[in-house]
Amino acid sequence: QVQLVESGGGLVQDGDSLRLSCTASGRTSSNFAMGWFRQTPGKERAFVAAITWRYNRATYYSDSVKGRFNISRDNAKNTVYLQMNSLRPEDTAVYYCAAPGGFCSGVGCRDKRVYTNWGQGTQVTVSS
């Protein structure tokens with residue numbers, strides 16, 4: 001079991017930047033990927049970005065954040081970051097990090113059903 005804790009959310013203005021962090025603890029040796037999802041009231045949790053590092057090193061982004069957000073990992077700290085630039089009001093959501101229960105790559109890493117461990121979420125609010 002992997003425990004995930006997000007931090008870094010907050011209230012910012014249109015065009016600002018924020019960096020979210022997700023620190024993993026527990027059975028991190030079995031972890032090889034991490035994803036970020038976001039959710040707004042009344043909507044499904046949606047894929048934002050993912051990073052894989054054990055079997056293949058890759059990053060994946062949703063079309064809505066590609067070019068603005070960057071996902072990265074600090075091995076020594078067991079932490080994955082989501083650097084969010086040029087934030088827009090439509091980026092307002094609760095952001096969750098998640099670790100998959102099995103191998104994922106490509107399209108699979110975008111599917112929330114493969115993720116079995118979730119953090120508690122951190123609120124990001126972008127004002128216009």
Peer 1: For the atom pair OG (S7) and OH (Y95), what is the distance rounded to the nearest 0.5 Å?
Peer 2: 15.0 Å
Peer 1: Under 4.5 Å between any side-chain heavy atoms of R68 and Y61, yes or no?
Peer 2: no
Peer 1: Give, for atom OH of Y81 and atom CD1 of I51, the distance between the pair rounded to the nearest 0.5 Å.
Peer 2: 11.5 Å
Peer 1: Walk me through whether S105 and Y60 qualify under side chain to side chain contact (heavy atoms under 4.5 Å, CB included).
Peer 2: CA-CA 9 Å; S105 67; Y60 309 95; 4.1 Å; yes
Peer 1: For the atom pair OG1 (T59) and CZ (F69), what is the distance rounded to the nearest 0.5 Å?
Peer 2: 14.0 Å
Peer 1: Got more than 12 heavy atoms from elsewhere within 6.0 Å of CD, Q3?
Peer 2: yes
Peer 1: For G9 and L20, work out which heavy atoms get closest and say how close.
Peer 2: N-CD2, 3.6 Å
Peer 1: Same cluster for V2 and W53 if Ile/Leu/Val/Met/Phe/Trp/Tyr side chains link at under 4.5 Å?
Peer 2: yes
Peer 1: Could you walk me through whether V48 and Y96 pass the side chain to side chain contact (heavy atoms under 4.5 Å, CB included) test, one step at a time?
Peer 2: CA-CA 10 Å; V48 176; Y96 298 90; over 6 Å; no
Peer 1: Please state whether the rings of F47 and F37 are parallel, tilted or perpendicular, taking 30° and 60° as the class boundaries.
Peer 2: perpendicular
Peer 1: Measure the shortest side-chain to side-chain distance between Q123 and T92 over non-hydrogen atoms and say whether it is less than 4.5 angstrom.
Peer 2: yes
Peer 1: Is it true that M84 and I71 fall in one hydrophobic cluster, defined by side-chain heavy atoms closer than 4.5 Å?
Peer 2: yes
Peer 1: Under 6.0 Å from the CD atom of E44, do we count more than 12 heavy atoms belonging to anything else shown?
Peer 2: no
Peer 1: Do F32 and W118 belong together in a cluster built from hydrophobic side chains that touch within less than 4.5 Å?
Peer 2: no
Peer 1: Is it true that V12 and V65 fall in one hydrophobic cluster, defined by side-chain heavy atoms closer than 4.5 Å?
Peer 2: yes
Peer 1: Does the side chain of V80 reach to within under 4.5 Å of the side chain of C97, using non-hydrogen atoms?
Peer 2: no
Peer 1: Quick check: closest heavy atoms across T116 and P100, and the distance to 0.1 Å?
Peer 2: OG1-C, 3.9 Å
Peer 1: Examine distances only and state if a side-chain atom of Q120 and a backbone atom of E6 form a donor-acceptor pair shorter than 3.5 Å.
Peer 2: yes
Peer 1: At what distance, to the nearest 0.5 angstrom, does CD of E90 lie from OG1 of T40?
Peer 2: 11.5 Å
Peer 1: Give a yes or no on this: more than 12 heavy atoms of other residues, nucleotides or ligands lie within 6.0 Å of atom CZ of R27.
Peer 2: no
Peer 1: Would you confirm whether Q13, through its side chain, and S127, through its main-chain N or O, come within 3.5 Å as a donor-acceptor pair?
Peer 2: no
Peer 1: Do you know which two heavy atoms are closest between G108 and V114, and how far apart they sit?
Peer 2: O-CG2, 3.5 Å
Peer 1: Can you name the nearest heavy-atom pair linking Y115 to A50, along with the distance?
Peer 2: OH-CB, 3.7 Å
Peer 1: Look at the side-chain heavy atoms of Ile, Leu, Val, Met, Phe, Trp and Tyr, link any pair under 4.5 Å apart, and say whether V124 and L82 land in one connected group.
Peer 2: yes
Peer 1: Please walk me through it: do T23 and S25 pass side chain to side chain contact (heavy atoms under 4.5 Å, CB included)?
Peer 2: CA-CA 7 Å; T23 300; S25 61; 5.9 Å; no
Peer 1: Return the SG to CZ distance between C104 and R110, rounded to the nearest 0.5 Å.
Peer 2: 10.5 Å
Peer 1: Strictly below 4.0 Å, N to O, side chains only: are R88 and D91 in salt-bridge contact?
Peer 2: no
Peer 1: Heavy atoms, side chains only, cut-off 4.5 Å: are P89 and D14 in contact?
Peer 2: yes
Peer 1: If you measure from CG on N117 to CE on M34, what distance do you get to the nearest 0.5 Å?
Peer 2: 9.0 Å
